[in-house]
Participant: 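The structure under discussion is supplied below as structure tokens; questions concerning it will follow.
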Amino acid sequence: MPYFEMSRLALKWAMSRPPTTRYPFQPRRAIAGSRGQLVFTKDNCTYCTACALKCPTSALQVNRAQKKWGIDRLRCITCGYCVDICPKDSLTLSTSHGTPSVMRSRESHKSS
Ligand code: SF4
Ligand code: SF4
């Protein structure tokens with residue numbers, strides 16, 4: 001590459017804004033339509049177990065007798081099948097990806 005052309009390109013990249021953001025110092029902007037963390041709202045849930053039966057990765061566990069709903073976040077692939085099948089609109093996919101984790105722990109919600 002000729003020296004002049006190389007200098008022109010180097011100057012152009014030095015003067016332009018970087019295509020990446022300074023995450024985590026700069027908050028991440030979600031892309032419209034992107035799928036993030038599954039959100040459970042226990043108010044309407046009837047613990048019918050439909051979401052757990054539909055989940056392809058067995059990430060969900062629902063106990064109807066104990067009124068307990070749980071998720072293993074490391075198993076969830078954010079496919080949205082459980083959101084589509086829930087008859088009570090208790091599940092939604094947010095655009096947030098939550099806090100990264102290296103430990104496997106099951107998140108549980110229980111109604112009294
Ligand atoms: S499908 Fe909906 S109502 Fe049924 S257990 Fe799952 S979250 Fe609750
Ligand atoms: S989004 Fe998909 S993988 Fe995640 S809990 Fe729901 S059905 Fe399972």
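For ligands, and for the atoms within them, numbers begin at 1 and follow the listed sequence. Keep in mind the model is a prediction, meaning the values are calculated, not measured. All residue numbers in this chain count up from 1 along the given sequence.
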Participant: Please state which option from L53, V83, L60, I77 has its nearest heavy atom closest to atom 5 (S) of ligand 2.
Facilitator: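 Looking at heavy atoms only, the winner is L60.
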Participant: Considering only non-hydrogen protein atoms, determine which one is nearest to atom 8 (Fe) of ligand 2 and report residue, atom name and distance to 0.1 Å.
Facilitator: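 For atom 8 (Fe) of ligand 2, the nearest protein heavy atom is C55 SG, 2.3 Å.
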Participant: What protein heavy atom is closest to atom 6 (Fe) of ligand 1, reported as residue, atom name and distance in Å?
Facilitator: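 That would be C51 SG, 2.3 Å.
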Participant: Is it true that a side-chain atom of R35 and a backbone atom of C79 form a donor plus acceptor pair closer than 3.5 Å?
Facilitator: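 Side chain of R35 to backbone of C79, a donor-acceptor pair under 3.5 Å: yes, one is there.
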Participant: Would you check if the side chain of K88 reaches a backbone N or O of T46 as a donor-acceptor pair within less than 3.5 Å?
Facilitator: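 Pair absent, no side-chain N/O of K88 close to backbone of T46.
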Participant: Taking atom OH of Y81 as the centre, report whether more than 12 heavy atoms of other residues, nucleotides or ligands fall under 6.0 Å from it.
Facilitator: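 Open: at most 12 neighbouring heavy atoms sit under 6.0 Å from OH of Y81.
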Participant: Counting only heavy atoms from other residues, nucleotides and ligands, does the tally under 6.0 Å from CG of D89 exceed 12?
Facilitator: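 12 or below, so no.
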Participant: For atom 4 (Fe) of ligand 1, decide whether C45 has an N, O or S atom at a distance under 2.8 Å.
Facilitator: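 For C45, the answer is no, given that no N, O or S atom comes within less than 2.8 Å of atom 4 (Fe) of ligand 1.
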Participant: Going by heavy atoms, is L91 under 4.0 Å from ligand 1?
Facilitator: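 Yes.
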Participant: How far is atom 4 (Fe) of ligand 2 from the closest protein heavy atom, and which atom is that?
Facilitator: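 Result for atom 4 (Fe) of ligand 2: C76 SG, 2.4 Å.
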Participant: Of all the non-hydrogen atoms in the protein, which one sits nearest to atom 2 (Fe) of ligand 2, and at what distance?
Facilitator: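 Here the nearest protein heavy atom works out to C79 SG, 2.3 Å.
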Participant: With respect to atom 2 (Fe) of ligand 1, please indicate if C86 possesses an N, O or S atom at a distance under 2.8 Å.
Facilitator: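 Of the N, O and S atoms in C86, at least one lies under 2.8 Å from atom 2 (Fe) of ligand 1, which means yes.
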